[in-house]
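First comes the structure, then the notes that go with it.
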Amino acid sequence: MSTATAIDLKEDIWTYEDYLHLPNDGKTYQVIGGELFMAPAPLVYHQTLSRNLAFIIWNFVKKHDLGEVFFAPVDIIFSQINVTQPDIIYIAKERLGIKKEKGIFGAPDWIIEILSPSTSNLDLRMKKQLYQSFGVREYWIVDSSEKKLQVYFLKGGSYTVKEVYFQTDVVEVKTIKGLKINLAEVF
């Protein structure tokens with residue numbers, strides 16, 4: 001089983017400028033804390049879950065004119081040494097100023113990561129900590145193998161204890177009032 005690996009080709013830290021010069025080779029590159037990570041393209045089931053979620057979210061957001069929804073690959077530039085490519089992101093209408101031509105410069109309101117064998121450690125630990133420290137209000141981790149969802153919500157600068165949902169549950173999105181997602185339509 002492959003995993004996302006740190007690539008140490010430099011003696012110093014990786015920056016957003018270094019990241020911009022990486023090859024367009026079908027792999028996902030991300031910089032976390034100045035360390036470069038690479039993972040292969042996601043599996044087909046991962047992409048199916050991403051499509052299902054993005055479609056549900058986008059239809060609701062568009063219908064109610066609430067902001068924008070993006071899906072990978074799109075760069076989220078948190079700082080010069082923290083650049084990620086989440087699976088799905090939502091930015092509220094009043095915060096769309098963080099959207100620029102080359103990516104999202106700042107913390108989106110909501111990020112969804114779908115676990116892959118190659119990225120689970122990054123998503124569950126490093127990215128969770130990164131998203132929390134930069135103020136991402138809601139963070140979802142979708143576990144495709146166990147068909148479950150872990151939900152974290154930012155309160156007082158820290159993510160609250162996770163809530164866990166399964167394929168038969170309906171989940172209310174905290175950052176988008178009125179949006180409820182039936183997980184049977186996702187998995």
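These numbers were taken from a predicted model, which means no experiment stands behind them.
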Task: Hydrophobic cluster identity match, I89 and V173, side-chain contacts under 4.5 Å - done: no
TODO: Flag yes if L183 and I88 sit in one hydrophobic cluster, no otherwise; membership is Ile, Leu, Val, Met, Phe, Trp, Tyr, and two members link when side-chain heavy atoms are under 4.5 Å apart.
DONE: yes
- [ ] For atom CG of D25, decide whether the heavy atoms of other residues, nucleotides or ligands shown that lie under 6.0 angstrom number more than 12.
- [x] yes
Task: Side-chain donor or acceptor of D109 paired with backbone N/O of R137 under 3.5 Å - done: no
Open item on the list: Check this for me: does any side-chain nitrogen of one of K128 and D123 sit under 4.0 Å from a carboxylate oxygen of the other?
Closed with: no
- [ ] Please answer whether the main-chain N or O of G97 pairs with a side-chain N or O of K100 as donor and acceptor at a distance below 3.5 Å.
- [x] yes
TODO: Determine whether L124 and I141 make a side-chain contact, defined as any pair of heavy atoms from C-beta on separated by less than 4.5 Å.
DONE: yes
Task: Side-chain donor or acceptor of T15 paired with backbone N/O of D18 under 3.5 Å - done: yes
Cut-off 3.5 Å, no hydrogens considered: what does the side-chain donor-acceptor table look like for residues 72-80, sequence neighbours left out?
{"unit_1": "D75", "atom_1": "OD1", "unit_2": "Y19", "atom_2": "OH", "d": "2.4"}
{"unit_1": "D75", "atom_1": "OD1", "unit_2": "Q85", "atom_2": "NE2", "d": "3.0"}
{"unit_1": "S79", "atom_1": "OG", "unit_2": "I81", "atom_2": "N", "d": "3.3"}
{"unit_1": "S79", "atom_1": "OG", "unit_2": "N82", "atom_2": "N", "d": "3.4"}
{"unit_1": "S79", "atom_1": "OG", "unit_2": "N82", "atom_2": "ND2", "d": "3.0"}

- [ ] Look at the side-chain heavy atoms of Ile, Leu, Val, Met, Phe, Trp and Tyr, link any pair under 4.5 Å apart, and say whether I176 and F70 land in one connected group.
- [x] no
Open item on the list: If we ignore hydrogens and angles and just use 3.5 Å, is the side chain of R125 paired with the main-chain N or O of S120 as donor and acceptor?
Closed with: no
- [ ] May I have the step-by-step check of side-chain contact (heavy atoms from CB on, under 4.5 Å) for N52 and E185, ending in yes or no?
- [x] CA-CA 7 Å; N52 293 347; E185 295 176 10; over 6 Å; no
Would you list the atom pairs, donor with acceptor, under 3.5 Å between side chains in residues 55-68 and any protein atom, with sequence neighbours excluded?
{"unit_1": "N59", "atom_1": "ND2", "unit_2": "F55", "atom_2": "O", "d": "3.3"}
{"unit_1": "D65", "atom_1": "OD2", "unit_2": "K93", "atom_2": "NZ", "d": "2.4"}
{"unit_1": "E68", "atom_1": "OE2", "unit_2": "K99", "atom_2": "NZ", "d": "2.7"}

- [ ] Report yes or no: does D169 contribute a side-chain atom to a donor-acceptor pair with the main-chain N or O of V171 at less than 3.5 Å?
- [x] no
TODO: Check whether L115 and F187 end up in the same hydrophobic cluster, where Ile, Leu, Val, Met, Phe, Trp and Tyr are linked by side-chain heavy atoms less than 4.5 Å apart.
DONE: no
- [ ] For the residue pair L49 and V186, establish whether any side-chain heavy-atom pair is separated by less than 4.5 Å.
- [x] yes
Open item on the list: Please tell me whether V44 and F71 are part of a single hydrophobic cluster in this structure, the criterion being side-chain heavy atoms less than 4.5 Å apart.
Closed with: no
Please table the atom pairs, donor to acceptor, closer than 3.5 Å between any side-chain atom in residues 157-167 and protein atoms at least two apart or in another chain.
{"unit_1": "Y159", "atom_1": "OH", "unit_2": "V136", "atom_2": "O", "d": "2.9"}
{"unit_1": "T160", "atom_1": "OG1", "unit_2": "F153", "atom_2": "O", "d": "3.3"}
{"unit_1": "E163", "atom_1": "OE1", "unit_2": "Y165", "atom_2": "OH", "d": "2.3"}
{"unit_1": "E163", "atom_1": "OE2", "unit_2": "K174", "atom_2": "NZ", "d": "2.9"}

Open item on the list: Treating H46 as the side-chain partner and I114 as the backbone partner, does any N or O pair qualify as donor plus acceptor under 3.5 Å?
Closed with: yes
